[in-house]
Structure formats: C-alpha cells, structure tokens
Amino acid sequence: MPLQDITARIAKAEAAAGRPAGSVKLIAVSKVQPDERVEAVLQQGHRCFGENRVQEAAGKWPAFMERYEGIDLHLIGPLQTNKARQAMELFHAIHSVDRPKLAKTIARLAQEMGKCPDLFVQVNTGEEEQKAGVMPAEADSFIAECKALDLPVRGLMCIPPVDEEPSLHFALLAKIAERNGLSDLSMGMSDDFEKAIALGATHVRIGSAIFGERVKPQG
Ligand SMILES: *Cc1c(COP(=O)(O)O)cnc(C)c1O
C-alpha cells in the first residue's frame with residue numbers, strides 16, 4: 001500500500017479519536033526489506049524507521065544516513081546488553097527496555113556517552129512465555145527503577161498476542177502508562193494501528209502494509 005494511503009488512514013484515525021492531526025508518529029518498519037523498497041520510502045520524504053535487530057540496522061542505515069538528512073531510527077526488537085552501546089550510537093529511540101540489567105547498562109553508558117536515546121519500556125501484556133517485556137504486575141516497579149536511574153523513559157510499548165483482540169492489550173498499556181505519568185504509547189502494527197490510535201497510540205510501527213510482505217524470514 002502506498003505510503004500516502006497509510007498516512008491518510010492515520011490522519012483519519014486521529015480525527016475519529018478526536019486527537020490532534022500529527023499526534024501519531026509513523027515508524028516505517030524496514031526490517032528484512034530490500035534496500036530499494038526502503039529507498040523508495042526515503043525518496044517520498046519519510047524519515048522515521050524501525051528495525052528490530054541492531055546488527056541488521058548497523059549494516060544498512062549508516063549509508064542511508066549519509067545520503068538523507070534527518071533520519072529518525074527506532075529499535076523495536078529485543079536488545080542484548082552487549083549490543084547496548086552500538087544501539088545507543090545508532091538509534092534515536094529504543095522501544096524494548098524490559099529488564100533491570102539492561103536498564104542499568106543503558107544508564108551507565110548514557111553517563112559515559114553523554115547522551116541517551118528516548119526509551120520505551122516494553123510490557124508483555126499477554127504474559128506470553130516466549131515474548132520479551134516486563135510482566136504487567138511488575139511494570140510499575142520497573143518503570144520506577146528506570147526513573148531512579150535517570151533514564152529518559154518516554155513511554156511504553158507492547159506487541160499483543162497474535163490470536164487475541166489487540167484493543168484489550170492497547171487499553172491495558174494505556175492504563176499502565178497513565179498511572180505512571182508516561183505520555184507515549186508505542187502500539188499498533190499493520191493490522192491493528194487504527195484500533196491502537198483510538199486507544200491513544202503516539203507511535204505506530206507499520207511494516208508490511210507499507211513495504212509489502214517481508215521477502216525472507218528473519219533468521
Ligand atoms: C515487524 C514488527 C512490526 C511491524 O509488523 P507489520 O505487521 O509488518 O506491520 C511492528 N513491531 C515490531 C516489534 C515488529 O517486530
């Protein structure tokens with residue numbers, strides 16, 4: 001689907017929810033997409049992208065950043081502590097802060113580097129065993145721990161279980177953010193971003209609806 005169709009759908013969903021135009025940021029998820037598809041979206045003037053692997057992003061984004069001004073790159077996949085420094089150098093936001101060890105590592109590196117990306121705490125709203133994210137019952141204390149480390153936590157992120165109504169998960173995430181005084185919500189993907197916007201998403205992460213089906217699985 002062309003980029004402008006997605007941005008039009010976002011604008012419509014913002015209006016339907018009574019939210020200001022432009023209050024939702026579109027993160028175009030370019031993982032595993034061929035460079036020419038990414039380039040086509042860059043040429044249309046879009047600058048905000050999401051990747052879920054540090055290694056893959058490090059292999060393709062520095063070259064794009066040399067050629068296009070103002071790229072805003074978001075890490076939306078799990079982060080290992082040994083890749084934290086590289087991630088903090090490359091990304092402007094990290095959406096997958098989900099455990100004390102990682103939070104402490106980021107805090108230490110932020111001191112050392114004198115800068116830190118915007119951070120989102122990932123919440124495992126479906127309490128799925130295989131999925132990253134802090135459990136909902138532990139979210140408040142983990143967020144407090146991050147704040148005590150002086151981390152720039154802007155909001156929360158979730159990936160609802162594939163076989164459940166996403167709105168319940170979006171509503172839960174919004175509730176946890178509200179009671180912790182966090183403004184930003186990273187939620188909503190190709191199939192459910194309008195529902196996420198209705199429930200307060202500030203960042204939607206859309207891949208296949210923009211770029212087409214991913215050509216190869218990640219492995
Ligand atoms: C791949 C991915 C997306 C985008 O998924 P689509 O269904 O292609 O829109 C969003 N968020 C995360 C965390 C992802 O890994």
Side-chain angles (χ1 to χ4, degrees), residues 1-10 13 24-35 37-38 40-41 46-61 72-80 83 87 90-99 102 117-134 139 154-167 169-170 172-174 177 184-219:
M1 187 176 288
L3 180 67
Q4 76 246 32
D5 291 3
I6 299 293
T7 53
R9 282 172 61 187
I10 290 172
V24 177
K25 187 171 202 164
L26 168 59
I27 302 172
V29 178
S30 49
K31 65 182 183 202
V32 222
Q33 297 287 356
D35 282 355
R37 290 190 191 168
V38 179
V41 170
H46 193 76
R47 290 293 180 269
C48 181
F49 293 84
E51 288 283 344
N52 73 345
R53 292 189 179 211
V54 178
Q55 222 53 47
E56 185 188 340
K60 72 199 220 205
W61 281 99
D72 177 22
L73 198 59
H74 293 238
L75 178 66
I76 60 173
L79 178 58
Q80 293 168 269
K83 299 233 173 75
L90 184 62
F91 291 96
H92 304 98
I94 296 173
H95 293 234
S96 49
V97 180
D98 66 351
R99 55 197 194 281
L102 178 60
D118 288 341
L119 302 177
F120 291 75
V121 167
Q122 183 174 350
V123 182
N124 186 353
T125 56
E127 305 187 31
E128 295 173 278
E129 234 163 70
Q130 80 287 4
K131 204 164 267 176
V134 64
R154 306 284 175 225
L156 304 180
M157 181 271 230
C158 75
I159 308 169
V162 283
D163 53 355
E164 284 180 31
E165 171 52 47
S167 292
H169 297 272
F170 299 152
L172 172 60
L173 197 71
D184 289 3
L185 290 169
S186 167
M187 59 190 197
M189 313 192 347
S190 290
D191 293 332
D192 55 22
F193 68 89
E194 280 129 331
K195 288 179 179 174
I197 291 170
L199 289 163
T202 57
H203 295 64
V204 291
R205 309 178 309 264
I206 304 181
S208 44
I210 294 173
F211 294 103
E213 289 305 315
R214 286 180 277 276
V215 288
K216 52 172 183 179
Q218 259 183 342

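Counting starts at 1 for both ligands and their atoms, following the listed order. For the single chain, residues carry numbers from 1 onward in sequence order.
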Shortest non-hydrogen contact between R214 and V32, atoms and distance
CD-CG2, 4.1 Å
Just need the protein heavy atom nearest to atom 6 (P) of ligand 1, so name the residue and atom and give the distance.
S190 OG, 3.4 Å
Please state which protein non-hydrogen atom is closest to atom 12 (C) of ligand 1 and give its distance, to 0.1 Å?
I76 CD1, 3.4 Å
Going by distance only, is there an N or O of G207 that falls short of 3.5 Å from an N or O of ligand 1?
yes
Measuring centre to centre across the rings, with the benzene-like ring taken for any Trp, is F49 within less than 6.0 Å of W61?
yes
So, do H95 and H74 have ring centers that fall under 6.0 Å from each other?
yes
Checking heavy-atom distances from atom 2 (C) of ligand 1 to each of R205, H74, K31, R214, the winner is K31
Verdict with reasoning, T125 to H169, per side chain to side chain donor-acceptor pair (under 3.5 Å)
CA-CA 6 Å; T125 56; H169 297 272; 2.9 Å; yes
Give the atom numbers and elements of ligand 1 that come within less than 4.0 Å of a heavy atom of N52.
15 (O)
Only heavy atoms of I206, strictly under 4.0 Å: list the atoms of ligand 1 that pass.
9 (O)
Testing D184, I94, L185 for side-chain contact (heavy atoms from CB on, under 4.5 Å) with F120, which one passes?
D184
Would you kindly specify which portion of I159 sits under 4.0 Å from ligand 1, judged on non-hydrogen atoms: side chain, backbone, both or neither?
side chain
Keeping D192 on the side-chain end and K195 on the backbone end, is there a donor-acceptor pair under 3.5 Å?
no
